[in-house]
Amino acid sequence: VPNSYYGNGNLTARQCLALVEREGKTLAREHHWAELISEHTFATVNGTATYAKPSDFQSFANMTMWDRTNSWRIMGPTPPLVYQWLKSGITVASDAEAWYMVRGSTITIYPTPTSVRTIAFDYYSNGWITKQLDGSFVSEFTSDNDTPRLDGDLLTLGLKWRFLQAKGMPYEPEYKEYSAIKDALLADNGSKPIINLGIGNRGFSLDGNIPDTGFGSTS
């Protein structure tokens with residue numbers, strides 16, 4: 001058994017490192033783990049519509065993009081069909097409503113901001129490892145002191161069946177144990193809200209954000 005793994009020339013150590021990294025990357029891509037949720041904020045610039053996504057971005061947490069300056073939700077992610085309709089339609093949206101669309105590594109906001117606003121959203125990180133050197137999130141180990149953000153037992157079981165498979169050995173029992181543990185963790189990952197089908201949501205709505213004042217006057 002190697003005493004170290006990162007940077008070790010031992011073939012078993014190198015193979016184990018490669019296999020556990022493949023396991024972690026696969027888990028991060030296949031499932032929305034609560035352990036991998038991160039928050040990102042940025043400030044808009046007058047006349048600038050596109051902004052970079054975080055370097056460890058994997059996917060958006062649905063319906064979490066908010067304009068904190070004006071306290072309203074930015075709608076999206078908007079599909080290309082709707083985005084082109086917004087840009088090309090005869091109705092020009094005002095700053096009272098905003099949409100966002102993902103294009104490559106950037107986020108496009110419509111209409112183009114005309115002021116400085118603080119935008120915040122939650123996202124799922126592809127960085128399933130915490131880098132020991134600076135605490136950043138990465139997808140590959142940089143030292144033996146780096147720590148995984150995902151469940152250690154699950155990663156160990158994933159490495160075990162992958163190692164046996166790579167060596168051409170039977171691995172079905174190990175894979176079944178791994179799958180059972182993964183399903184159990186996913187079933188309660190991040191906890192689950194109680195859904196009441198008999199009573200509507202009275203305190204919070206994501207369909208709109210109506211101010212307490214400013215509706216205008218009536219005669």
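All values derive from a computational prediction rather than experimental measurement.
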Measure across [X] and [Y] and return the closest heavy-atom pair with its distance rounded to 0.1 Å.
X	Y	result
P113	Y51	CG-OH, 3.9 Å
M63	W66	O-NE1, 4.0 Å
Q58	S125	CB-C, 3.8 Å
P54	F121	CD-CZ, 4.0 Å
A43	V116	CB-CG1, 4.3 Å
W128	L36	CA-CD2, 3.9 Å

Taking a hydrophobic cluster as the set of Ile, Leu, Val, Met, Phe, Trp and Tyr residues connected by side-chain heavy atoms closer than 4.5 Å, whether directly or through intermediates, do [X] and [Y] fall within one such cluster?
X	Y	value
F60	V82	no
I107	W72	no
M169	Y171	yes
Y83	I74	no

Side chains of [X] and [Y], heavy atoms from C-beta outward: is any pair under 4.5 Å?
X	Y	value
M75	R73	yes
Y178	L155	no
M65	I119	yes
F137	T130	yes
H40	Y123	yes
K167	L164	no
D144	Q132	no
S59	H32	yes

So, using salt bridge (charged side-chain N to carboxylate O under 4.0 Å, His left out) as the criterion, who are the partners of E177 when residues are at least two apart?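 Applying salt bridge (charged side-chain N to carboxylate O under 4.0 Å, His left out) to E177 gives none.
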
Candidate pair W99 and L86, rule side chain to side chain contact (heavy atoms under 4.5 Å, CB included), full reasoning: CA-CA 9 Å; W99 292 260; L86 289 169; 3.6 Å; yes

Output, in order, the C-alpha distance, side-chain angles, deciding distance and verdict of side chain to side chain contact (heavy atoms under 4.5 Å, CB included) for C16 and T12. CA-CA 6 Å; C16 286; T12 298; 4.2 Å; yes

Tell me if the centroids of the rings in Y6 and F141 come within less than 6.0 Å of each other.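 Between F141 and Y6, which both carry aromatic rings, the centre distance is not below 6.0 Å.
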
Using ring centroids (six-membered ring only for Trp), state whether Y110 and Y100 fall under 6.0 Å.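 Not under 6.0 Å, so no.
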
Would the distance check show the side chain of [X] and the main-chain N or O of [Y] forming a donor-acceptor pair, the cut-off being under 3.5 Å?
X	Y	answer
K53	G104	yes
T64	D122	yes
S88	W85	no

More than 12 non-hydrogen atoms from neighbouring residues, nucleotides or ligands closer than 6.0 Å to CZ on F42, yes or no?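 Yes - once you tally the heavy atoms of other residues, nucleotides and ligands closer than 6.0 Å, there are more than 12.
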
N3 atom CG, neighbour heavy-atom count above 12 within 6.0 Å: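 Open.
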
How long is the gap from [atom1] on [X] to [atom2] on [Y], to the nearest 0.5 Å?
X	Y	atom1	atom2	result
L159	Q15	CG	CD	9.0 Å
S38	R149	OG	CZ	4.5 Å
K160	Y175	NZ	OH	16.0 Å
S115	N70	OG	CG	7.0 Å
L17	E140	CG	CD	8.5 Å
L154	L27	CG	CG	5.0 Å

Checking [Y] against [X]: is there a side-chain donor and acceptor pair closer than 3.5 Å?
X	Y	value
Y5	N10	no
E35	Y124	no
D134	S136	yes

Would you check, one step at a time, whether the test side chain to side chain contact (heavy atoms under 4.5 Å, CB included) holds for D146 with S143? CA-CA 6 Å; D146 293 346; S143 78; 3.3 Å; yes

Could R117 and D67 be called an ion pair, given the rule that one side-chain N must be under 4.0 Å from one carboxylate O?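 Answer for the salt bridge query: yes.
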
Could E39 and R68 be called an ion pair, given the rule that one side-chain N must be under 4.0 Å from one carboxylate O?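 Yes, E39 and R68 are salt-bridged.
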
How are the rings of H31 and W33 set relative to one another: parallel (under 30°), tilted (30 to 60°) or perpendicular (over 60°)?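 Judged by the thresholds at 30° and 60°, the geometry between H31 and W33 is perpendicular.
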
